[in-house]
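Let me begin by presenting the structure, written as structure tokens, before commenting on it.
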Number of protein chains: 2
Amino acid sequence: MVKRAGAVFLEGMGAAFATSGVLSQLQGRIFGLLYLEPEPVSLDDIADALDQSKSNISINIRGLVDWHLVRRVSVPGSRRDHYEAATDFWRVMQEIMERRFRWNLRQVIATCDETERTAAEGASSRDKERRFVDQRLDALRQFAAGVDAGIEAFSQGNAVSPDLMHGTPAKKRKKS
Amino acid sequence: MVKRAGAVFLEGMGAAFATSGVLSQLQGRIFGLLYLEPEPVSLDDIADALDQSKSNISINIRGLVDWHLVRRVSVPGSRRDHYEAATDFWRVMQEIMERRFRWNLRQVIATCDETERTAAEGASSRDKERRFVDQRLDALRQFAAGVDAGIEAFSQGNAVSPDLMHGTPAKKRKKS
DNA sequence: GTTTGTGTTTAGAATATTTCGAACATACTG
DNA sequence: CAGTATGTTCGAAATATTCTAAACACAAAC
């Protein structure tokens, strides 16, 4: 790799990953290194290049493989694991949308459900405060469900229009 | 607020926010509290309810206001600042997409540009390694630019189709 | 103009996360 | 089977983040 240019790239990827909320700075640097390297790189070489311990690279690279940003490949002459950067960013993005964003949205929905159930124990549904809470929970749940459906559609290759998720009030979002 | 139900909700929002990559657990709890509260709540009351110091709430609530998840309102009889949850989640989502995701994508693009510029200093463009690096940088930049354009379109209310950002090879993505 | 109520800043304590090196496990080599 | 090369796990050290209480700043009240 062209050395000085490489340093710029690693720094940049590190910063970008660090603020992404999904991966860490070091993972960004690892990816940056591999991405500019034509041949697969061994764990020790990565550790060397980034001035990190082998164990730290081992841990962090697992996350990268997990998100399909890096592939583990075996190199004929060597017993070591080697790694190369994936180039299918689209796939990575889908993975993140599925496993991070949608997971998060479902968590919100589940929380609304559970809260509503718990609230039902405490107060009658004619209670003014109870009605207020129910209405708020509904609004939030609906938003989350809408975005979730939108991402799902997008993942499957369909177009997503904002007002489909947003503008239309409630009943349009029925299952069928 | 219905007490037990509230606790469930705060916990859930805390967890959801914590894994969101944008806001913190505490900010999730603050939002959760305000969201189920019909009336604006003072800073000290929030600190009380969440068992946190006033200063901590002060710091954390600033982020919430920043992302438009919470509004500061003034309550007639009182000198204190009061806060209420915003209900326009759509707006919040746009804000996050603009200020977080797109910012991040631009950072990637800028890094590619700068790396390419730096690489140009070091090696001739006929150099095999140099060509490889250039090609990779192009691919990454193009992906980032595509997603960026997609989000922009979405923000403006237009539909976004995956293959527009992804499938079509390069030249379709011209400015006009 | 002093006092009182309020939000913010700050310095350090508490807590969580990252990183390292050593110990360990496993699989290949001879 | 003994020995070596390799990746992973583990406990401690280093670092970063979150949180608190006290000091501060500012405005309203008296």
Side-chain angles (χ1 to χ4, degrees), chain A residues 10-11 13-34 39-67 69-84 100, chain B residues 10-11 13-34 39-67 69-84 100:
Chain A
L10 297 215
E11 250 345 279
M13 286 298 115
F17 276 49
T19 53
S20 74
V22 180
L23 294 148
S24 72
Q25 212 252 31
L26 177 56
Q27 288 173 322
R29 304 225 309 286
I30 297 173
F31 173 78
L33 177 70
L34 297 178
E39 303 299 331
V41 184
S42 77
L43 215 163
D44 295 81
D45 286 348
I46 298 172
D48 250 31
L50 300 184
D51 204 34
Q52 298 282 318
S53 71
K54 207 176 34 146
S55 51
N56 200 13
I57 299 296
S58 175
I59 295 281
N60 276 282
I61 214 163
R62 192 179 308 165
L64 288 170
V65 172
D66 230 53
W67 289 111
L69 257 166
V70 161
R71 270 193 305 274
R72 164 186 278 143
V73 298
S74 72
V75 163
S78 170
R79 269 170 60 189
R80 304 186 173 184
D81 291 349
H82 287 244
Y83 298 91
E84 64 181 10
R100 172 72 71 146
Chain B
L10 297 215
E11 250 346 279
M13 287 296 116
F17 276 49
T19 53
S20 74
V22 179
L23 294 149
S24 72
Q25 211 252 31
L26 177 56
Q27 287 173 323
R29 303 225 311 285
I30 296 173
F31 172 77
L33 177 70
L34 296 179
E39 303 299 330
V41 183
S42 77
L43 216 163
D44 295 81
D45 286 349
I46 298 171
D48 247 31
L50 301 183
D51 204 33
Q52 298 286 103
S53 71
K54 203 175 39 142
S55 50
N56 201 13
I57 299 296
S58 175
I59 295 283
N60 276 282
I61 214 164
R62 192 178 308 166
L64 289 171
V65 172
D66 230 51
W67 288 111
L69 257 167
V70 162
R71 270 194 304 275
R72 165 186 277 141
V73 298
S74 73
V75 162
S78 169
R79 267 170 61 190
R80 303 185 174 185
D81 292 349
H82 284 61
Y83 297 91
E84 63 182 12
R100 171 72 70 151

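Every chain is numbered from 1 and lettered A, B, ... according to where its sequence line falls, protein lines coming before strand lines.
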Under 3.5 Å, which N/O atoms of the protein pair with N/O atoms of nucleotides 14-20 of chain C?
unit_1	atom_1	unit_2	atom_2	d
C:dT19	O5'	A:N56	ND2	3.1
C:dC20	OP2	A:Q52	OE1	3.1
C:dC20	OP2	A:S53	N	2.7
C:dC20	OP2	A:S53	OG	3.1
C:dC20	OP2	A:N56	ND2	3.4

#### Entry: B:L64 vs B:L34 side-chain heavy atoms within contact, under 4.5 Å
no
With sequence neighbours left out, the residues meeting side-chain hydrogen bond (donor to acceptor under 3.5 Å, both in side chains) with B:E11 are none
note: B:R80, atom CZ; C:dT4, atom C1'; distance rounded to Å ~ 12 Å
Taken in chain and number order and not counting sequence neighbours, the residues that satisfy side-chain hydrogen bond (donor to acceptor under 3.5 Å, both in side chains) with B:D66 are B:R99
Sorted by chain and number, sequence neighbours left out, ring-ring contact (aromatic ring centres under 6.0 Å, His included) with A:F17 holds for A:F31
Just distance, no hydrogens or angles: give the donor-acceptor pairs under 3.5 Å from side chains in residues 45-55 of chain B, sequence neighbours left out.
unit_1	atom_1	unit_2	atom_2	d
B:D45	OD2	B:S42	OG	3.3
B:S53	OG	B:S55	OG	3.2
B:S53	OG	B:N56	N	3.2

Whole-Å distance, B:I46 CD1 to C:dT6 P, equals 14 Å
Atom CG of B:L23 and atom C1' of D:dT17 are separated, to the nearest Å, by 16 Å
Across all chains, not counting sequence neighbours, the side-chain hydrogen bond (donor to acceptor under 3.5 Å, both in side chains) partners of B:R100 are none
Base, sugar-phosphate, or nothing for A:R79, non-hydrogen atoms under 4.0 angstrom? base
Between C:dT9 and B:R62, is there an OP1 or OP2 to side-chain N/O distance shorter than 4.0 Å?
-> yes
A:Y83 atom OH is separated from D:dT6 atom C1', nearest whole Å, by 11 Å
